[in-house]
Amino acid sequence: MRYVPSKKQVRERLTSAEAWELPKQKSALAPPHVWTNEDMDPVKIENQTWTLWTWMAYWATDTINLGTWETASSILSVGLSWMEAIPIIVVGTSCVAIPMVLNGAIGAKLHIPFSVAIRASFGYYLAYFAIVSRAVLAMFWLGIQGANGAQCITIMITAIWPSYGNIQNYIPASQGISTQGMISYLLFWLIQLPLLLIPPTRLRYLFATKLIAAPITALATMGWCVHKAGGSGKIFSLKPTVSGSTKAYLWLSCMSSVTGSWSTLACNIPDFSRYARTSRGQYIQLPILPMIFTACAVIGIVTTSATGVIYGELLWNPLDIISKWLEMGHGGRAAAFFAAASWYIAQVGTNITANSISAANDLTVLFPRYVNISRGCIIAAIVGGWVIVPWKILSSAETFLAFMGGYAVFLAPIAGILASDFWLVKKQHIDVPALYNPDGRYRYWNGINWRALLALIVAVTPNLPGLGYSIGTPADPTKPNPVHISAGARNLYTFDWLFGFVTSIFVYTVLSLMFPARESEVKHTVYGHDILGEGMLSDEESAGISVRESEKGFGDLEEKKVMGDLS
């Protein structure tokens, strides 16, 4: 039965912050003086439901969205041809698939979220920088995706009631949205909200729905456009308009754009891999991500090329194509409705997997006394959907969009440090209960692992001039950029994600080998689960093991007796 608060509880929650406190979970691994909740703990065995097929469905649904469809447009618009676009997409997604697998293994093996796993490499308190960075970015993109997806609602309603397309506008143009747009956005947000509350263990049902709807719509749209145009159009005969070093740096810049679009998920993929039934299934990400992303981009290229023949202009947004169907009578309106509904599902699915749950996991760690995953999803929906005013950002804040787009400068080193610490420094052996203890083995120096901090600074600093230049670039190309930097700094920023990821791995690994943090090392993984199948360890047992093993090394015989060795 679903819990419903009483009138007294509602009244208290409206007048007191204490009334919102969550009960302290008995299964928490943290010491008694540290507040935590069950959503931060390792996933229980009965909730480890993700299989190999779930992973395939996850990426098939997550990559088929409006953003992926339009990826090729950004590549072709800068002067490259489809012969460069396809390799760029393949290489870019392959590069980001590597940290996706490396960091996904952390969640699949230890069943902990990113916001807890990051403490092993950054230290208990420095980890909050990475957590806050990820949470803010997730809520930002949650709102931006919603503002874009509201167009789906507009098409769906107009397909049923054509007069909706002629609603009189009462909102000033300075607000960046019309009356019709606000109604559509509100409806998008209201319908999306209950879907954001789907537990991660049950997301496979949403994946199945989206896996059927989105690909069918994409292929049907492509098929209709090609048939209508009598061929695939002229895009495939176009030649690149740039050459030499300019072409090389454009190639790197476009590749970095592809990797940067997934830079957030490369960090927090443990938020999903923690629900894996086995640690092997998540390795399917390495081939499946480039394959599906490239296939969707190719569909976008073919379809857009055909629209150039049909309409005399290239339409990169599939919703623009669908809008044209509204003018084709009852059959066209029916097709537009179902196609827009499919893209709506695609947008919401991406918002859930890439933004909502990620932000919710981070908020549970930032505010464990008051926030669990369900509450975190609601907070993210409110902040991302309304507080940041996403429709106004899209219409006017070019510099803010440039900054958020360039945030890969910070996220790439975080992903690199997380991966190198787990695989190269700690050899996959983590003391899970100690991750929940601010005074445990991962405290380092006052809760800060200076090796991670230095690696982060070294990897980020060289790209800051390029980020500033990107933010300062005016929307009007005829106006000069007020930020002046060297050509080398601009060229370095073209592959900011790759530079940050590789540099952070090298610097962090070298520092950790030269100045090892012996107190953080364990010979075998300490899980926090009783491997004999009797469930979670109690608070007293977990806290006792964590404190005891923080003070002395874990003997092979003792560990096998108490925890077992699953490595």
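FYI, side chains are in, hydrogens and waters are out, and symmetry mates aren't considered; it's all heavy atoms of this structure. Each residue takes its place number in the sequence, starting with 1.
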> Checking ring-ring contact (aromatic ring centres under 6.0 Å, His included) for the pair Trp55/Phe272: CA distance, chi angles, key distance, verdict?
Replying inline: CA-CA 9 Å; Trp55 279 109; Phe272 299 97; 7.9 Å; no
> Does the side chain to side chain contact (heavy atoms under 4.5 Å, CB included) test come out yes or no for Trp262 and Ile269, once each step is laid out?
Replying inline: CA-CA 10 Å; Trp262 296 100; Ile269 189 64; over 6 Å; no
> Between Val526 and Val432, is a side chain to side chain contact (heavy atoms under 4.5 Å, CB included) present by the stated rule, with each step listed?
Replying inline: CA-CA 6 Å; Val526 184; Val432 174; 5.7 Å; no
>> I'd like to know whether Arg375 forms a side chain to side chain contact (heavy atoms under 4.5 Å, CB included) with Ile378, so could you lay out the CA-CA distance, the side-chain angles of the two residues, the decisive distance to 0.1 Å, and finally the verdict.
In response: CA-CA 5 Å; Arg375 290 184 179 181; Ile378 295 175; 5.6 Å; no
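Using modelled atom types, no side-chain atom of Ser263 and backbone atom of Ala408 make a donor-acceptor pair closer than 3.5 Å. Formation of a donor-acceptor pair under 3.5 Å by the Gln145 side chain with backbone atoms of Val348 is not found in this model. Looking at Ser420, its side chain does come within 3.5 Å of a backbone N or O of Ile417 through a donor-acceptor pair. Tyr527 places no side-chain N or O within donor-acceptor distance of the main-chain N or O of Pro42, the cut-off being under 3.5 Å. Panel note: side chain His429, backbone Val522; no donor-acceptor pair is recorded below 3.5 Å. Side-chain atoms of Asn361 do not come within 3.5 Å of backbone N or O of Pro113 as any donor-acceptor pair. Although no hydrogens or angles enter the test, the distance criterion places no donor-acceptor pair under 3.5 Å between the side chain of Ser504 and the main chain of Ala415. Of the possible donor and acceptor atoms, one in the side chain of Trp423 sits under 3.5 Å from a partner among the backbone N and O of Leu102. Judged by distance alone, with hydrogens and angles left aside, the side-chain atoms of Thr93 form no donor-acceptor pair with the main-chain N or O of Phe293 at under 3.5 Å. No side-chain donor-acceptor contact under 3.5 Å links Asn463 to the backbone of Val409.
Salt bridge annotation for Glu521-Arg441: absent, with no cationic side-chain nitrogen under 4.0 angstrom from a carboxylate oxygen.
Between Thr503 and Ala459, the shortest heavy-atom contact is CG2-CA, 4.1 Å. Here the closest heavy-atom approach between residue Ile430 and residue Ala120 is recorded as CD1-CB, 4.1 Å. Between Gly123 and Tyr444, the shortest heavy-atom contact is CA-CD1, 3.5 Å.
By the 30° and 60° cut-offs, the orientation of the rings of Phe188 relative to Tyr185 is parallel. Between Phe410 and Phe129, the ring planes are perpendicular. Angles over 60° get that label, and only those under 30° would be called parallel.
Remark: Arg277 pairs with no residue by the salt bridge (charged side-chain N to carboxylate O under 4.0 Å, His left out) rule, at least two apart or across chains.
To the nearest 0.5 Å, atom CG of residue Leu289 and atom OH of residue Tyr58 are 9.5 Å apart. Taken to the nearest 0.5 Å, the CH2 atom of Trp189 stands 14.0 Å off from the CD1 atom of Ile153. Annotation: the span from Leu142 atom CG to Ile382 atom CD1 amounts to 11.0 Å, rounded to 0.5 Å.
Under 3.5 Å, the side chains of Asp496 and Ser256 contain a donor-acceptor pair of N or O atoms. Side-chain contact annotation: Gln192 with Asn351, donor-acceptor N/O pair under 3.5 Å present. In the model, Asn268 has a side-chain atom that pairs as donor or acceptor with a side-chain atom of Ser358 under 3.5 Å. Checked by atom type, the side-chain pair Trp59/Gln285 shows a donor-acceptor distance below 3.5 Å. Of the N and O atoms on the side chains of Thr54 and Thr51, at least one donor lies less than 3.5 Å from an acceptor on the other residue. With hydrogens and angles left out, the side-chain atoms of Asn449 and Tyr125 include no donor and acceptor closer than 3.5 Å.
Applying the salt bridge (Lys or Arg N to Asp or Glu O under 4.0 Å) rule to pairs touching residues 414-428 yields Asp421-Lys426, sequence neighbours excluded.
Both cation-pi conditions hold for Arg119 and Tyr124: the charged atom is under 6.0 angstrom from the six-membered ring centre and inside a 45 degree cone around its axis.
Crowding of Trp53 atom CH2: a count of heavy atoms from other residues, nucleotides or ligands under 6.0 Å not exceeding 12.
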